[in-house]
Structures are given as C-alpha cells and as structure tokens.
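Read through the structure below, which is laid out as structure tokens, and then see the notes.
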Amino acid sequence: MSLTNEIIKQRLTEQFGEQLTEWEEPYGMLTFRAPTAMNLKVLQFLFDSEELRFRFLTDLTGVHFPARKDEELCVVYHLHNLADNIRLRLKVYAPVEKPDVFTATQLFSGANWMERETYDFFGVNFIGHPNLIRILNVDEMDYFPMRKEYQMEDPTRRDKDDEMFGR
C-alpha cells in the first residue's frame, strides 16, 4: 500500500494527538502546525518511522507575521520522503521577544546552513545549533532584514514620485 497524506496524518495524530493543528493540503502538500517546543520530537518521529521515512530536509526558512501576537515568527520545514516521493510542510511559531526553536542539525546536516540563514535574516534562535552566527550579513548588523519592521520605501523621496513616470 502506498503512502498517502491521510496515512501520514493518521500516524502523526496517533503519536501526538491534538497537539498538531492547522491541517491543510495546499496543492496536495500536507501542511500542519506543531507547538514550538515539539518541533524536534515531530521531526524525529517523521525521520525514524519506517513507514513514513521523511529523511530529507528540502528547505527550512522563516516567515514574519507582525500582526500575530506572540507568534510573529514562523519556522517552516519542508520534508521529503524520497522512497515514496511525498513531501510535507511543518510549521512552528515563536514570539519575536523570545524566538527559540530547537535545532534540527542532529537529524539533517543540511539544516546547519539553513538555520544559520534563518537566524541571519529573521533572528530565530536555534537552541543547540553548533555554530549559530551570521552567514550572509555583516556581523555588525543589529537588526534582521527580512522582518517586516520597516516601510518598503521612504515616502519623502521625490525621485519615486509617480508623476515623474507619467502616471
């Protein structure tokens, strides 16, 4: 029997119960949310299960939702079961005041650079990461450029006036 999104959801629900929420299937990809403190437990279960076999971390990134109180930062994991060619998306949310998420570097060596990039641009603190330092931005930066904390453009700039472009 081939692995389906329904089977994956059933196994995860059997293991973690109602702690996993926000189940969706956009474009056929199973997507769900886990509590921040459980991200490593869920990832470990998906990795270790001989039935599920999600052993490839395709991507790990962050998203900033400034309007969501106490869950402004989201860490998104894209996992791939190469044997059955099935992908899934796991989301965990953290407050911007204390953006602590457990590192996945013990399971996926590729998470090392992805977590460093997510730290560099969003400020997510990956607890237990072996070398959590900036990877692309200069060390002197005291902000995280991908957070939606600043206006897109300076409204006082005259050279950006639409009248100059015939609009």
* Residue pair N81 / F54: nearest heavy atoms and the distance that separates them -> N-CD2, 3.4 Å

* Asked: Roughly how far apart are T31 OG1 and E25 CD, rounded to 0.5 Å?
  -> 8.0 Å

* For the residue pair A34 and V92, what are the closest heavy atoms and their distance? -> O-CG1, 3.4 Å

* salt bridge (Lys or Arg N to Asp or Glu O under 4.0 Å) evaluation trace for E22 with K9 -> CA-CA 11 Å; E22 298 181 17; K9 182 178 178 180; over 6 Å; no

* Asked: Where do T4 and I86 come nearest, in terms of heavy atoms and distance?
  -> N-CD1, 4.2 Å

* **G28 backbone acceptor or donor facing N5 side chain under 3.5 Å** => yes

* T103 and E115: side chain donor to acceptor below 3.5 Å -> yes

* To do: Kindly determine whether L79 and F47 satisfy side chain to side chain contact (heavy atoms under 4.5 Å, CB included), including the steps that lead there.
  => CA-CA 9 Å; L79 301 173; F47 187 93; over 6 Å; no

* Is the backbone of H78 close enough, under 3.5 Å, to the side chain of D59 for a donor and an acceptor to pair up by distance? -> no

* So do T13 and L20 actually touch side chain to side chain, heavy atoms under 4.5 Å? -> no

* Asked: So, the side chain of H64 versus the backbone of E72: is there a donor-acceptor pair under 3.5 Å, distance only?
  -> no

* Can you name the nearest heavy-atom pair linking F126 to L132, along with the distance? -> N-CD2, 3.4 Å

* How far apart are the closest heavy atoms of A94 and P99, and which atoms are they? -> CB-CA, 3.9 Å

* Counting only N and O atoms by type, is there a donor-acceptor contact under 3.5 Å from the side chain of R11 to the main-chain atoms of E51? -> no

* Quick one: do L107 and L46 end up in the same hydrophobic cluster if we chain Ile, Leu, Val, Met, Phe, Trp and Tyr together by side-chain heavy atoms under 4.5 Å apart? -> yes

* Is any side-chain heavy atom of L90 closer than 4.5 Å to a side-chain heavy atom of V42? -> yes

* **Transitive ILVMFWY side-chain link V63 to L88, under 4.5 Å** => no

* To do: For A111 and L57, work out which heavy atoms get closest and say how close.
  => CB-CD2, 3.7 Å

* Only one of Q19, E24, E71 passes side chain to side chain donor-acceptor pair (under 3.5 Å) with R33; say which it is. => E71

* **Exceeds 12 heavy-atom contacts within 6.0 angstrom, atom CZ of F144** => yes

* Asked: So do the side chains of L73 and R147 get within less than 4.5 Å of each other, counting heavy atoms only?
  -> yes

* Asked: Going by the angle between their ring planes, with limits at 30° and 60°, are F65 and Y93 parallel, tilted or perpendicular?
  -> tilted

* Asked: Is T118 reaching over with its side chain to a backbone N or O of M114, donor-acceptor style, under 3.5 angstrom?
  -> yes

